[in-house]
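For reference, the structure discussed in these notes is given below.
To find a chain, count down the sequence lines: A is the first, B the second, and so on, and within it residues start at 1. Side-chain atoms are counted along with the backbone in the values below, which use heavy atoms only and exclude waters and symmetry mates.
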Amino acid sequence: MRISKLFGKTQREIPAEADTISHQLLLKAGMIHQVAAGVYSYLPLAWRVFKKIENIIRDEMDKVGGQELMMPALQPLELWQETGRDLAFGKGLFILSDRRDRKLALGPTHEEVMAELVSHNVQSYRDLPLLLYQIQTKFRDEPRPRAGLIRVREFTMKDLYSFDTDKDGLNQSYNKMLQAYQNIYARCGLPALLVEADSGAIGGKDSHEFMVITESGEDEIINCPNCQYTANADKAQSIKSKTEDQEPLPLEEVATPGAATIEQVSNFLKVHQNHTLKAVFYVADGKLVFVVIRGDIEVNEVKLKNVLHCSELRLASEAEVIDAGIVAGSASPIGMMGINVVADESITSGANFIAGANKPDTHFRNVNYPRDFKVNLLADIARARAGEECPKCGDKLSSTRGIEVGHIFKLGTFISQKLGAFFIDPNGVSRPIVMGSYGIGLGRLLAAVIEQNHDDKGIIWPLAIAPYPIYLCPLYMESPQVATTAENLYADLESQGLQVLYDDRKESPGVKFNDADLLGIPIRVIISPRTMETNSIEVKRRSEKESELVPIEGIATRLEELIKD
RNA sequence: CGGGGCGUAGCGCAGCUUGGUAGCGCGCAGCGUUCGGGACGCUGAGGUCGGAGGUUCAAAUCCUCUCGCCCCGACCA
């Protein structure tokens with residue numbers, strides 16, 4: 001491709017709206033263009049990268065026996081209502097009406113359509129197992145699109161679904177996919193970390209995410225440097241510090257004038273925050289929930305949502321709390337009636353806590369569970385933090401941030417049951433098909449590669465997914481010798497099937513070098529009067545500082561070698 | 001949805017407080033001189049100032065409404 005004809009121009013200044021590296025570089029390199037919030041066009045260079053990633057993914061899916069098919073983005077809303085997942089996705093679902101006022105959803109994922117399809121084509125255990133996938137556009141009305149291609153509202157995803165007769169089969173399919181995913185990331189030059197995850201709106205039991213560690217990542221990851229326990233902070237467990245053993249003392253009221261927050265109360269009474277219990281109020285599907293947790297620990301809303309089995313969860317407003325007859329600032333689980341009380345396991349980690357008395361400016365000392373109050377539900381609803389102990393080995397946990405570049409789920413049978421995807425087992429008994437779901441976002445993967453592979457000059461594409469592996473860069477095109485050599489070499493390389501980006505512009509060396517670096521083409525080939533003097537051509541890798549001089553006759557061979565590495 | 005910010009030429013910005021009919025840099029076009037890390041000179045094209053309404057002799061500038069975009073939070077595979 002001649003740069004003089006290439007659609008898409010590099011920019012000297014970075015558009016102000018971008019502050020994530022991958023977003024900045026994609027815009028600066030002229031690879032993407034924003035159409036609306038979270039909606040982008042891919043220009044030719046980015047699209048070439050995209051297609052290379054797509055082919056790697058397709059290859060790995062096919063290798064483990066996946067069969068590619070294509071399902072529609074446009075789906076009847078009824079299908080979503082059958083599984084109830086229209087509620088789980090809530091406002092994230094794009095819904096539109098057709099001319100007859102029928103409601104349709106733009107698919108955010110395809111479990112429903114897939115299960116419906118399979119229900120018509122699988123009758124017997126002999127038809128299983130099955131791995132079906134597609135590479136399709138998905139639509140999600142994200143509350144906040146951000147960071148360029150990392151969180152968008154329209155995106156391409158490879159989604160594969162596994163269908164098995166039982167749990168063992170599911171585990172086998174799951175492990176196959178896990179390996180295939182590792183291969184994909186490795187081939188894309190992306191170190192991806194496997195982490196335990198929450199399954200969110202997709203549902204199901206076990207789920208793992210693949211994370212690329214980067215500061216700009218949206219997700220917090222908790223990990224143990226000792227035993228390699230790694231989990232999304234939404235899901236992560238930890239062992240909270242225990243307070244010292246104490247004999248329970250009698251309950252005692254204390255005046256705490258003006259002290260409402262945990263910080264104020266613990267300062268006022270001169271006790272550590274881990275000796276207090278705090279009350280946090282949520283509204284779950286319209287109902288008030290009283291959450292009790294140790295004062296120094298934060299509530300993990302994902303865990304809370306899961307134990308409550310609710311679809312909508314938000315913090316209660318002060319007015320809602322007061323309306324329920326609760327004294328904000330001194331709320332107490334003691335004597336709480338007619339309201340759902342959910343407590344974190346941390347309330348059993350010590351004795352003689354400070355807690356509210358449900359009277360203004362008053363708290364209790366020596367509150368002990370279960371002596372002084374009852375709860376409707378006791379569960380782990382605490383946010384794990386760095387510095388706490390690993391649930392597996394007891395070592396100190398640390399935390400990092402990452403971008404989720406893949407998510408795999410063991411779904412089980414809830415979707416197949418709802419949509420009637422059953423099979424007849426060898427005993428003639430009808431049973432629901434056991435499903436798994438495996439997603440990977442292509443655009444996000446592309447962006448993550450840039451987050452991971454760049455320097456202050458620009459992108460450094462891994463060879464396997466670079467838009468072009470070779471940047472042919474003649475300097476001083478006015479020199480007939482340079483121009484002729486460049487034209488001939490370009491024609492030669494093209495005829496050998498090599499993909500070459502040919503900078504045939506009459507630009508100064510500085511401009512060409514900077515564009516070559518910005519675009520991140522792995523191998524730069526320079527022809528100039530200087531190299532012509534020794535009848536040679538200069539070859540430099542984007543990832544390295546040093547260049548080498550190669551005799552003109554040997555250049556094609558040398559480039560072939562470099563591309564094979 | 002809550003908080004903050006921004007919409008003026010393809011991109012980055014100034015002008016707005018104090019109304020007088022739009023400017024700078026980059027990029028773009030032409031010519032010439034340059035040229036191994038974003039050269040220089042000259043000439044030139046390009047904007048109904050996000051949109052609607054209002055105030056005024058006069059609005060990019062003041063007022064009202066509205067649309068869009070970004071960031072933080074909430075939320076979210």
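- For B:rC70, one of the phosphate oxygens OP1 or OP2 lies less than 4.0 angstrom from a side-chain nitrogen or oxygen of A:Gln34.
- Considering only side-chain atoms of A:Tyr476, the nucleotide from B:rA39, B:rG73, B:rC35 that sits closest is B:rC35.
- In this structure, B:rU61 makes no Watson-Crick or G-U wobble pair, since no nucleotide meets both defining distances under 3.5 angstrom.
- You'll find the ring centres of A:Phe210 and A:His208 outside the 6.0 Å limit.
- Applying the 3.5 Å distance criterion, the base of B:rC76 shares a donor-acceptor pair with the side chain of A:Arg151.
- If you measure from atom CD1 of A:Ile526 to atom P of B:rC35, you get 18 Å, rounded to the nearest angstrom.
- Taking atom CD of residue A:Glu220 and atom P of nucleotide B:rG73, one finds them 12 Å apart after rounding to whole Å.
- Of the candidate nucleotides B:rG38, B:rG37, B:rC69, B:rC69 has the atom lying nearest to any side-chain atom of A:Ala36.
- Each of A:His23 and A:Arg444 was matched to the nucleotide of RNA chain B holding its nearest heavy atom; the match closer to the 5' end belongs to A:His23.
- Comparing the C1' positions of B:rC70 and B:rG12 gives a spacing of 16 Å, expressed to the nearest Å.
- Across all strands shown, B:rU33 is found opposite B:rA39 as a Watson-Crick or G-U wobble partner, with both distances under 3.5 Å.
- With C1' as the reference atom, B:rC16 and B:rC6 are 14 Å apart, rounded to whole Å.
- The NZ-P distance, from A:Lys506 to B:rG32, rounds to 13 Å in whole Å.
- Nearer the 5' end of RNA chain B, as judged by each residue's closest nucleotide, is the contact made by A:Ile527, out of A:Ile440 and A:Ile527.
- Spacing between B:rA74 and B:rC63 at atom C1', rounded to whole Å, works out to 33 Å.
- If you check B:rG68 for Watson-Crick or wobble pairing at under 3.5 angstrom, you find it paired to B:rC6.
- Remark: A:Arg144 is in phosphate contact with B:rC72, judged by side-chain N or O atoms under 4.0 Å from OP1 or OP2.
- Note on A:Ala516: nothing from the nucleic acid sits closer than 4.0 angstrom, heavy atoms only.
- As judged by a 4.0 angstrom heavy-atom cut-off over every strand, A:Thr531 is placed among the base-contacting residues.
- A:Lys138 has no carboxylate O lying under 4.0 Å from a charged side-chain N of A:Glu154, or vice versa, which leaves the two without a salt bridge.
- Salt-bridge check for A:Arg187 with A:Glu60: passed, with a basic side-chain N closer than 4.0 Å to an acidic carboxylate O.
- If you check every strand for non-hydrogen atoms under 4.0 Å, A:Arg153 touches nothing.
- The gap from the C1' atom of B:rA45 to that of B:rG2 amounts to 47 Å, rounded to the nearest Å.
- Note on A:Lys512: nothing from the nucleic acid sits closer than 4.0 angstrom, heavy atoms only.
- Of the C1' atoms belonging to B:rG3 and B:rG19, the separation is 32 Å, rounded to the nearest Å.
- With C1' as the reference atom, B:rG27 and B:rG46 are 12 Å apart, rounded to whole Å.
- The phosphate of B:rG27 has OP1 or OP2 within less than 4.0 Å of a side-chain N or O from A:Arg12.
- In this structure, A:Arg2 forms no cation-pi arrangement with A:Tyr490, as its terminal cationic atom is not both closer than 6.0 Å to the ring centre and no more than 45° off the ring axis.
- Rounded to whole angstrom, the span from the CD1 atom of A:Ile3 across to the P atom of B:rG38 amounts to 18 Å.
- Of the candidate nucleotides B:rG36, B:rC69, B:rA39, B:rA39 has the atom nearest to the side chain of A:Ser508.
- Looking only at atom types and distance, the side chain of A:Thr20 has no donor-acceptor partner in the side chain of A:Ser22 under 3.5 Å away.
- Straight-line distance from the NZ atom of A:Lys28 to the P atom of B:rC26: 16 Å, rounded to whole Å.
- Rounded to whole Å, the C1' atom of B:rG30 lies 38 Å from the corresponding atom of B:rG68.
- Note on A:Ser528: every side-chain N or O is 4.0 Å or more away from OP1 and OP2 of B:rG36.
- Spacing between B:rG10 and B:rG51 at atom P, rounded to whole Å, works out to 13 Å.
- Figure legend. B:rG25 is base-paired to B:rC11; pairs are counted as Watson-Crick or G-U wobble with both atom distances under 3.5 Å.
- For A:Phe513, counting side-chain heavy atoms from C-beta on, the closest listed nucleotide (B:rG37, B:rA39, B:rC69) is B:rG37.
- A:Asn514 places its CG atom 8 Å from the P atom of B:rA39, with the value rounded to the nearest Å.
- Between the side chains of A:Gln134 and A:His110, at least one donor-acceptor pair of N or O atoms lies under 3.5 Å.
- Using a 4.0 Å cut-off between a side-chain N of Lys or Arg and a carboxylate O of Asp or Glu, A:Glu13 and A:Lys28 do not qualify as a salt bridge.
- Base pairing analysis places B:rU56 opposite nothing; no Watson-Crick or G-U wobble pair with both distances below 3.5 Å involves it.
- Atom pair A:Arg401:CZ and B:rC72:C1' shows a separation of 12 Å (rounding to whole Å applied).
- Judged by Watson-Crick or G-U wobble contacts below 3.5 Å, the nucleotide B:rU48 has no partner.
- Distance CG (A:Leu27) to P (B:rG12): 9 Å, rounded to an integer number of Å.
- For B:rC1, the paired base is B:rG73 (Watson-Crick or G-U wobble, both distances below 3.5 Å).
- Between the side chains of A:Tyr502 and A:Glu487, at least one donor N or O sits under 3.5 Å from an acceptor N or O.
- Judged by distance alone with a 3.5 Å cut-off, no donor-acceptor contact links the side chain of A:Glu13 to the base of B:rG38.
- Here A:Phe155 lies in heavy-atom contact (under 4.0 Å) with a base.
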